[in-house]
Amino acid sequence: MKTRANGKVILLGEHAVVYGFPALAVGITRGASAWFDEGASARNDGSGGPWLVLEGFTEAVAQTDPSEVGRAFSSILCESGAALDPGAVLHVSTELPPGGGLGCSAALGVAIARALEPRANDARVMHLAMEWEKIFHGNPSGVDAAVAAHGGCVLFRKGQALKPIHQATPLRLVVGHSGVSSSTKHMVDKVAMRWESDRANVNKLFERMGALTEAAASAVERGELKTLGDSMTEAGELLSAIGLSTPALDQMCNEARKLRALGVKLTGAGGGGCAVALVDNIDVENAIVQSWTQLGFASFATEVAQTKRWTETPESIRAVG
Ligand code: PMV
């Protein structure tokens with residue numbers, strides 16, 4: 001049995017969310033899977049297991065390994081207290097680019113948490129996934145893990161209950177990768193330095209972003225896609241003003257605006273990673289995917305993943321909660 005978790009796209013509020021402001025985010029169907037290797041006892045050589053294999057990235061990493069992956073695995077295992085055989089091998093895979101701003105590490109953390117504790121509720125899963133996330137991100141707000149576990153469209157505020165946002169109209173998004181991966185920890189530190197040196201202005205900017213995020217959440221509930229798009233674009237300009245955009249992200253945003261996206265911005269930590277465009281018809285969606293791809297930015301169209309919890313069986317994918 002495979003467990004699944006969503007990737008995520010932050011529509012508005014990244015970085016401000018670290019300072020207690022809300023973020024509006026959606027789960028996407030691209031995400032991560034985890035599964036135990038049934039024939040794993042062959043690995044039981046007493047040298048530091050259980051083991052984790054990050055498909056396409058690592059060979060089997062022992063929980064005693066000093067690498068980030070090893071430490072993150074050890075951290076989530078310790079918090080879980082799941083009784084694993086030292087020969088156990090957990091495989092994880094993801095369709096999300098690491099350092100792409102699409103919640104890759106949180107999706108992996110949630111998939112692993114579900115594999116370790118198949119009966120855990122979302123709150124418990126998020127809690128466990130945060131132990132994994134902390135090793136990579138230092139002090140994550142928790143928005144990525146929350147959306148990875150919950151899916152749908154949610155308004156997230158640090159330390160508060162997640163608010164699911166009903167979508168009056170399905171949201172169509174185009175996501176494109178600038179080709180450069182970025183470190184969330186590094187970008188969060190960069191914003192912290194800016195905040196330390198220019199608190200009044202950065203706070204003002206985050207306050208505006210918070211107001212835009214609340215307005216955007218209401219717009220989603222009312223199906224007012226133009227308001228949502230305008231809010232996203234302005235939020236993106238605020239992120240650029242803090243120095244989080246790059247020439248490639250700017251190029252993607254300009255191109256999507258020309259092609260009549262309702263709104264477009266960088267998404268996630270910035271400094272690379274992805275841009276997201278909101279569109280209201282298939283022609284604009286295709287045009288943006290085609291144009292970004294021709295410019296050399298790997299792109300895909302996606303809708304919001306509606307299902308809360310996933311388990312993948314060989315026969316089918318079915319929702320379990
Ligand atoms: O780049 P990502 O997908 O890890 O985005 C993280 C969002 C931030 O607000 C920048 C950090 C956080 O912990 O919320």
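Each ligand, and each atom within it, is numbered from 1 in the order the structure gives. The first residue of the sequence shown is numbered 1, and numbering continues consecutively from there.
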Item checked: Salt bridge present between Arg4 and Glu95 (N-O < 4.0 angstrom) ->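 Yes, charged N to carboxylate O under 4.0 Å.
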Item checked: For Leu249 against Leu244, the heavy-atom pair lying closest together ->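 Distance-wise, the nearest heavy atoms are CD1-O, 4.4 Å.
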Notebook entry, point to check: Got the residues with a heavy atom under 4.0 Å of ligand 1, by chain and number?
Noted result: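 If the criterion is a heavy atom under 4.0 Å, then ligand 1 touches Lys8, Ile10, Glu14, His15, Val17, Val18, Gly101, Leu102, Gly103, His137, Pro140, Ser141, Val143, Asp144, Thr184, Val188, Gly268, Ala269.
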Applying side chain to side chain donor-acceptor pair (under 3.5 Å), can you list everything that pairs with [X], at least two apart in sequence or on another chain?
{"X": "Lys158", "answer": "none"}
{"X": "Ser80", "answer": "Glu117"}
{"X": "Arg30", "answer": "none"}

Next item on the list: Taking the side chain as every heavy atom from C-beta outward, state whether Val53 and Asp37 have any atom pair closer than 4.5 Å.
Entry: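 No. Closest side-chain heavy atoms not under 4.5 Å.
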